[in-house]
Amino acid sequence: MPSLAVKLYSIFFKFQQRYTLHNLTQIPVHAVDPFGITSRREESTAASNPSFYEGVATKDIHIDPFSSLCIRIFLPATVVNFDPTTIIEDKSKDGAFIYSGYSPQARTKHKRLPVVLQFHGGAFVGGSNDSVRNDAFCRRIANLCDVIVVAVGYRLAPESRYPAAFDDGLKVLNWLAKEANLAECGKWMGNGNRNGRRRADAHVFDGFGASMAEPWLAAHGDPSRCVLLGVSSGANIADYVARKAVEAGKLLDPVKVVAQVLMYPFFIGSSPTASEIKLANSYFYDKSMCMQTWKLFLPEEKFGLDHPAANPLIPGREPPLKFMPPTLTVVAEQDWMRDRAIAYSEELRRANIDAPLLEYKDAVHEFATLDVLLQTPQAQACAEDIAIWVKKYISLRGHEFSY
């Protein structure tokens, strides 16, 4: 069973969440905000930091002028260790050097890293990509996997109901493809080069003279090794984005989704499973609370527990499972949503997809990403287990270990 401290904090957490949900239910059903919001005022956030704090530099980008959709990029320090000349230093009056952030330099060889698109949890109505807990978790993944993590700040409900969050996830994947193509165009620009050879310092500029390609991704991102990682409700978004990537095929080139990780996905259905009955009042997120969030997320006229956003195993859902990418599923023993996630993992294996299941004993929903549990040995072990499996698909030489 979970520790006494976890049980006590769960009571406080539930009380706080019910108060938040009550306030959200006061928002009129038809009060739709296309621009939307990506975080709540009560959520503590971590500022971005271009210096390599805890081995990772971060920056925030608002990528859609028509909505609040944003991302936070996590760049591990291994790219600097590979090329020390890429640190920018400003000389102060006393002759000392002051670090002023990371900027890739032209005409230098750059290490390229896989890209992980990460979708935070929060039951579609809370959480954020720049929250303290999500920032810490993404830093951990960036360090353990040696990858660039792109944390997606999708629009929250009820201000922006379904399909806003799902559309935002797909939009970021398409944005990644656009950035990769812009970077490639810059490499092949032959202006001033009679032989038409590649120029390492070439860029594609907008009307104001600014480089249109995001420099960290252009210098260090390898979109042909892209992994989707979703936490709780973010796992539902990741699975949707994976399906759309399969349907798009080569239209997404050079982006290739090579694997996905679903951490305690926020699945539900009209026919209750054994865990949904036995663990309905489980820790942190009980079933009644989650039912409220589904009502806030799905439009009133489309509400149903077998909605495609909620139930991954409804008949006729496309594309066929045999085309899905390798999928690692993480479940917690004390989570009422566990059985449906296990069933989905089993169906993927029946379709001959590499779809291992990691179940953690005595663990609760969001045990590896909740702020008060992030530093526990179980949370650290979970991140390490994810890294072991992910490296099999992002390593250029392959990886010898698999579950």
Q | Residues forming a ring pair (Phe, Tyr, Trp, His ring centres under 6.0 Å) with Y240, sequence neighbours excluded | A | F166
**Q.** Gap between atom CG of L170 and atom CG of L117 - 0.5 Å precision
**A.** 10.5 Å
Q. Taking C-beta and beyond as the side chain, do E247 and P319 meet within less than 4.5 Å on heavy atoms?
A. yes
Q. Is the shortest side-chain N to carboxylate O distance from R340 to E276 below 4.0 Å?
A. yes
(Q) Rounded to the nearest 0.5 Å, what separates atom NE2 in H62 from atom OG in S68? (A) 6.5 Å
(Q) Taking atom NZ as the centre, does K178 end up with more than 12 heavy-atom neighbours from other residues, nucleotides or ligands that are less than 6.0 angstrom away? (A) yes
Please tabulate, one pair per line, all N/O donor-acceptor pairs under 3.5 Å involving side-chain atoms of residues 250-258, not counting sequence neighbours.
unit_1 : atom_1 : unit_2 : atom_2 : d
D253   : OD1    : K256   : NZ     : 3.4

Q: Kindly give the heavy-atom pair with the smallest separation between R338 and E333, and that separation in Å.
A: CD-O, 3.3 Å
**Q.** Heavy-atom pair of closest approach, residues F267 and A341
**A.** CD1-CA, 4.1 Å
Q) With D335, which residues qualify under salt bridge (Lys or Arg N to Asp or Glu O under 4.0 Å), at least two apart? A) none
Q: Can you see which heavy atom on P325 is nearest to which on I353, and at what distance?
A: O-CG2, 3.5 Å
Q: Apply side chain to side chain contact (heavy atoms under 4.5 Å, CB included) to L373 and E366, showing your working.
A: CA-CA 8 Å; L373 302 176; E366 287 223 48; over 6 Å; no
Q: Determine the minimum heavy-atom distance between S131 and E43, stating which atoms define it.
A: CB-OE2, 3.3 Å
Q) Backbone N or O of H22 within a donor-acceptor pair of the Q26 side chain at under 3.5 Å? A) yes
Q: Give a yes or no on this: more than 12 heavy atoms of other residues, nucleotides or ligands lie within 6.0 Å of atom OH of Y19.
A: no
Q | Check: Y53/D135 side-chain N/O donor and acceptor closer than 3.5 Å | A | no
(Q) What verdict does the side chain to side chain contact (heavy atoms under 4.5 Å, CB included) test give for T58 and R139, after you've listed the backbone C-alpha separation in whole Å, the side-chain angles of each residue and the deciding distance to 0.1 Å? (A) CA-CA 9 Å; T58 58; R139 287 177 185 277; 3.7 Å; yes
Q) Are side-chain N/O atoms of T20 and Q17 paired as donor and acceptor at under 3.5 Å? A) no
Q. Nearest heavy-atom pair of Y154 and S233: which atoms, and what distance?
A. OH-OG, 3.6 Å
Q | salt bridge (Lys or Arg N to Asp or Glu O under 4.0 Å) involving D146 - partner list, sequence neighbours excluded | A | K111
Q.
Within a 6.0 Å radius of atom NZ on K295, are there more than 12 heavy atoms belonging to other residues, nucleotides or ligands?
A. no
Q. Nearest 0.5 Å, what's the CG-CZ distance between L296 and F124?
A. 12.0 Å
Q.
Could you report the tightest heavy-atom contact between V241 and G169, atom names first, then the distance?
A. CG2-C, 3.6 Å
Q) Can D130 and T45 be counted as having a side-chain donor-acceptor contact under 3.5 angstrom? A) no
Q | Residues that R243 engages under side-chain hydrogen bond (donor to acceptor under 3.5 Å, both in side chains), provided they are two or more places apart | A | D239, Y344
Q. Just how far is it from atom CG of D168 to atom CD1 of I237, taken to the nearest 0.5 Å?
A. 8.0 Å
Q. Sub-3.5 Å donor-acceptor pair from the side chain of D222 to the main-chain atoms of R112, do we have one?
A. no
(Q) If I take atom CG from residue L279 and atom CG from residue D286, how far apart are they, to the nearest 0.5 angstrom? (A) 11.5 Å
Q: Enter the distance from C382:SG to L374:CG here, rounded to the nearest 0.5 Å.
A: 10.5 Å
**Q.** Parallel, tilted or perpendicular: ring planes of Y102 versus H220, cut at 30 and 60 degrees
**A.** tilted
Q: Hey, can you tell me if F284 and Y9 have their rings parallel, tilted or perpendicular (30° and 60° cut-offs)?
A: tilted
Q. Got a sec, which residues hit ring pair (Phe, Tyr, Trp, His ring centres under 6.0 Å) with H365, two or more places apart in sequence or on another chain?
A. Y264, Y285
**Q.** Close side-chain approach of V147 and V227, heavy atoms under 4.5 Å
**A.** no
Q. Is there a donor-acceptor contact under 3.5 Å linking the side chains of N134 and N129?
A. no
Q. Are F137 and L229 close enough, and set up right, to give a side chain to side chain contact (heavy atoms under 4.5 Å, CB included), and what steps lead you there?
A. CA-CA 12 Å; F137 173 71; L229 191 160; 3.9 Å; yes
